[in-house]
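So you know, we letter chains A, B, ... as the sequences are listed, proteins then strands, and number each from 1.
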Amino acid sequence: RSHPCFAFPDWAYKPESSPGSRQIQLWHFILELLQKEEYQGVIAWQGDYGEFVIKDPDEVARLWGIRKCKPHMNYDKLSRALRYYYNKRILHKTKGKRFTYKFNFSKVVLVNYPLLDMREGVSWVGICQGEGERREKCQSGC
DNA sequence: CACGGAAGAG
DNA sequence: CTCTTCCGTG
């Protein structure tokens, strides 16, 4: 792989969380796609640490739409949601680079887990190892 | 394309 | 609160 091993907390990319799950969050979904090799033609890590490029905006939007049961999702709307992450310090834009954003991994933990101590208690997962299985949900019934 | 205000859904 | 939808601006 072109990009070196990445580490982030396992909860960050776990699909659907647990039974008591809340709705899937967009940045979780992005991380999920990024983790799967089969989507490298659609979205992939590229450039700096945490930086990724959406190679096929329409397809990412379509996939996101399927997951959220929003058949009219498109890149315009998806990107608005990504822009809301700027203030939350989850993401920021890589200016000048088309369809390129960057995760603020250092802040991600603080956003959803304010009381979590990063030095311990979290299992860190390498992005280039571990192949979680995943099934297409919401394909029908929405 | 990228940005961010405004309104509204759940 | 986290988007979704729509849209004017640059």
Side-chain angles (χ1 to χ4, degrees), chain A residues 1-4 6-128 130-142:
Chain A
R1 189 117 3 124
S2 58
H3 205 280
F6 239 112
F8 56 87
D10 56 359
W11 55 260
Y13 79 97
K14 255 176 190 165
E16 321 304 299
S17 292
S18 316
S21 58
R22 40 172 102 153
Q23 270 267 27
I24 177 81
Q25 253 157 294
L26 178 54
W27 62 277
H28 284 28
F29 179 75
I30 296 289
L31 243 28
E32 191 182 313
L33 292 185
L34 248 14
Q35 194 214 355
K36 304 288 283 180
E37 287 180 41
E38 62 219 76
Y39 293 112
Q40 282 193 3
V42 171
I43 184 171
W45 297 115
Q46 203 171 92
D48 267 7
Y49 185 86
E51 210 171 88
F52 63 94
V53 182
I54 298 173
K55 298 177 180 177
D56 188 341
D58 292 337
E59 181 62 6
V60 172
R62 194 185 68 81
L63 261 18
W64 176 234
I66 290 170
R67 181 62 68 89
K68 285 288 291 288
C69 293
K70 296 290 178 188
H72 303 301
M73 181 51 62
N74 58 34
Y75 181 69
D76 180 56
K77 289 183 275 195
L78 185 150
S79 62
R80 181 70 188 90
L82 292 179
R83 266 174 251 133
Y84 272 127
Y85 287 150
Y86 299 169
N87 284 335
K88 294 175 188 168
R89 312 211 58 193
I90 292 172
L91 279 186
H92 64 79
K93 189 76 180 67
T94 299
K95 290 169 187 172
K97 291 186 183 178
R98 214 172 173 222
F99 306 127
T100 303
Y101 300 82
K102 186 173 174 178
F103 274 99
N104 295 319
F105 280 113
S106 54
K107 294 290 179 184
V108 160
V109 169
L110 302 176
V111 170
N112 281 4
Y113 291 77
L115 303 178
L116 193 61
D117 190 335
M118 285 182 72
R119 292 169 301 183
E120 56 182 336
V122 185
S123 46
W124 295 82
V125 177
I127 188 109
C128 50
E131 278 288 298
E133 75 168 63
R134 184 178 159 285
R135 61 186 83 128
E136 285 295 336
K137 306 197 76 174
C138 213
Q139 195 67 45
S140 59
C142 60

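Atoms NE2 (A:His72) and C1' (C:dC3) sit 17 Å apart, rounded to a whole Å. Counting to the nearest Å, the P atom of C:dC1 and the CG atom of A:Asn87 are 12 Å from each other. As rounded to whole Å, 16 Å separates atom C1' of C:dT2 from atom CZ of A:Arg67. Here the P atom of nucleotide C:dC6 and the OH atom of A:Tyr75 are 18 Å apart, to the nearest Å. Rounded to an integer number of Å, the gap from A:Lys77 NZ to C:dT5 C1' is 6 Å. Taking atom CD1 of A:Ile66 as the reference point, atom P of C:dT4 lies 14 Å away to the nearest angstrom. Between the P atom of C:dT4 and the CG atom of A:Asp76 lies a distance of 12 Å, rounded to the nearest Å. Distance A:Ile30 CD1 to C:dC3 C1': 13 Å, rounded to the nearest Å.
A side-chain contact (heavy atoms from CB on, under 4.5 Å) with A:Leu78 is found for one member of A:Val60, A:Leu63, A:Asp58 and no other, namely A:Val60.
Between the A:Lys70 side chain and the A:Asn74 main chain, no donor and acceptor come within less than 3.5 Å of each other. A donor-acceptor pair under 3.5 Å links the side-chain atoms of A:Tyr85 to the main chain of A:Trp27, judged by distance alone. A donor-acceptor pair under 3.5 Å is absent between the side-chain atoms of A:Ser79 and the main chain of A:Lys77, judged by distance alone. Counting only distance, with no hydrogens or angles, the side chain of A:Asp56 and the backbone of A:Glu59 share a donor-acceptor pair below 3.5 Å. A donor-acceptor pair under 3.5 Å links the side-chain atoms of A:Lys55 to the main chain of A:Gln40, judged by distance alone.
Residue A:Trp27 places none of its side-chain N or O atoms closer than 4.0 Å to OP1 or OP2 of C:dT2. Between C:dT2 and A:Gln23, no contact under 4.0 Å exists linking OP1 or OP2 to a side-chain N or O. At C:dT4, one or more side-chain N or O atoms of A:Lys68 fall inside 4.0 Å of OP1 or OP2 (strictly under the cut-off).
Between A:Glu51 and A:Lys93 there is no salt bridge, since none of the side-chain N atoms of the basic residue sits less than 4.0 Å from a carboxylate O of the acidic one.
Nucleic acid contact class of A:Lys95 (heavy atoms, under 4.0 Å, all strands): none. Backbone-only contact: A:Leu26 has heavy atoms under 4.0 Å from sugar-phosphate atoms and none from a base.
Using cut-offs of 30° and 60° on the angle between ring planes, the pair A:Phe52 and A:Tyr101 is parallel.
Nearest approach of A:Asp76 to A:Arg83, heavy atoms of both residues: O-NH2, 4.1 Å.
Along DNA chain B, the stretch of nucleotides lying under 4.0 Å from any heavy atom of chain A spans, 5' to 3', B:dC1 to B:dA7.
The stretch residues 79-86 of chain A touches DNA chain C through A:Arg80, A:Ala81, A:Tyr84, A:Tyr85, each having a heavy atom under 4.0 angstrom from the strand.
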